[in-house]
Amino acid sequence: MLAFKNILVPADTMSDAEIAAKKAIELCGPDRATIHLAYSEHHKTILERFFPWKTAEPASFADAKDAFRQLSDLKEKLNADTGGADFVVEQIPDKTDTTGMAGYISTHGIDLVVINKYENGQATAVNDKTIAVELANETTIPVLTITSDCLNHPVKSILLPVDDVLTHEKIKLALLFARHYHAQIHLVALLHNNEPAPKAKTDAFYMAYKILAEYGHSPHYKILQGTDPADMLLRHAAQVKADLILVNAEKKPSFLSQVQKKMTDLLHPLASLHILSLKLSI
């Protein structure tokens, strides 16, 4: 079972917050968890920061006071619907880029961030794809990007790409999600045709398989090789009908950071693919 204790739901709108909060409820462990419904100190500043050519949509919170009121109403509604989580409405200090959210994550011991990518068919500001990457990089906390359709789509197939560094945290998270949803893990190594020495990557691949097997999960596995590993992985994700993919939140160019960009770019409002971004660590 998943063991998330403090889940952050940063919100631009009421609908946006409700979708992410319902997914957060689904991800709570057997022990009581806290879901933080968070808004910025100056909501429109977030919109203007990432989308300077746009103004707040009518569905957006008018200001901090309006955000607190609407999210407090949502808190009462969710409290009535579930007994498995506590909800708090909090204000995130409005600072440059993601520093406000990163500080909040550190202060409150957040162990997962859930963000809804779309609001009325368009990417929201605080939930733009760059936010997931930046937050995962700055905080080392996994960030789950979803759409509203993910609420009605159970995770049955998990795609776990392996780079040349064995990522124990990624393996641990894949196992947690697999057990929570009774899902199958598909382990994949991506090799470039022109890669001079793929031994480190294949070693990490086989080690990942061994670790998963030792924990009682026999993954499906495949080594993909070609000139565009990101596109290969996308095609393989379609073949195995992946519902969740774990990707590296890297700022430097790499195969898996290309995958992160392409996955989030292709994630449309009706998609049911969950994307879990996390910082590469050993």
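In this structure, L176 CG and L27 CG are separated by 11.0 Å, a value rounded to the nearest 0.5 Å. Atom CD of residue E90 and atom OH of residue Y39 lie 8.0 Å apart, to the nearest 0.5 angstrom. Here D243 contributes atom CG and I275 contributes atom CD1; the two are 12.0 Å apart, rounded to the nearest 0.5 Å. One finds the OG atom of S106 at 11.5 Å from the CD atom of E138 (value rounded to the nearest 0.5 Å). Atoms OH and CG, on Y206 and L187 in that order, are 10.0 Å from each other to the nearest 0.5 Å. Between the OG1 atom of T34 and the CG atom of D86 there is a distance of 5.0 Å, given to the nearest 0.5 Å.
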Practice prompt. Verify ring-ring contact (aromatic ring centres under 6.0 Å, His included) between H36 and F87, making sure each step is shown before the conclusion.
Written response: CA-CA 6 Å; H36 301 249; F87 297 89; over 10 Å; no
Item to complete: Check step by step if side-chain contact (heavy atoms from CB on, under 4.5 Å) holds for F177 and V155.
Response: CA-CA 8 Å; F177 274 86; V155 174; 5.6 Å; no
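M207 and V162 end up in the same hydrophobic cluster when Ile, Leu, Val, Met, Phe, Trp and Tyr side chains are linked at under 4.5 Å. Put simply, I141 and V88 are part of two different groups of oily side chains (I, L, V, M, F, W, Y) that touch within less than 4.5 Å, one to the next.
No donor-acceptor pair under 3.5 Å is formed between the side chain of N6 and the backbone N or O of D111. The main-chain N or O of Y104 is found under 3.5 Å from a side-chain atom of H108 such that the two form a donor-acceptor pair. Judged by distance alone, the side chain of H180 and the main-chain N or O of E26 form a donor-acceptor pair under 3.5 Å. No donor-acceptor pair under 3.5 Å is formed between the side chain of N116 and the backbone N or O of I19. A donor-acceptor contact shorter than 3.5 Å links the side chain of K23 to the backbone of C150. Between the K201 side chain and the L190 main chain, a donor and an acceptor come within less than 3.5 Å of each other. Remark: side-chain polar atoms of K222 are not paired, donor with acceptor, to backbone N or O of H186 under 3.5 angstrom.
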With a 3.5 Å cut-off and sequence neighbours excluded, list the donor-acceptor pairs that the side chains of residues 210-218 form with protein atoms.
residue	atom	partner	partner atom	Å
H217	NE2	I185	N	3.1

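Using a 4.5 Å cut-off on side-chain heavy atoms (C-beta onward), I115 and D16 make no contact. Looking at heavy atoms from C-beta onward, C28 lies out of side-chain contact with F4 at the 4.5 angstrom threshold. Residues K156 and Q184 have side chains not in contact (no heavy-atom distance under 4.5 Å, counting atoms from C-beta outward). Residues I25 and L78 are in side-chain contact: their nearest non-hydrogen atoms beyond the backbone lie under 4.5 Å apart. Residues L276 and L244 have side chains in contact (heavy-atom distance under 4.5 Å, counting atoms from C-beta outward). Side-chain contact between V143 and L278 is absent, with no heavy-atom pair separated by less than 4.5 Å. Residues L159 and V188 are in side-chain contact: their nearest non-hydrogen atoms beyond the backbone lie under 4.5 Å apart. Side-chain atoms of V114 and I7, non-hydrogen and from C-beta on, do get closer than 4.5 Å to each other.
A salt bridge links K22 with E18: the distance from a Lys NZ or Arg NE/NH1/NH2 to an Asp or Glu carboxylate oxygen falls below 4.0 Å.
Between V9 and A17 the shortest heavy-atom distance is CG1-O, 3.9 Å.
Between H274 and Y181, the angle of the ring planes lies from 30° to 60°, which puts this pair in the tilted group.
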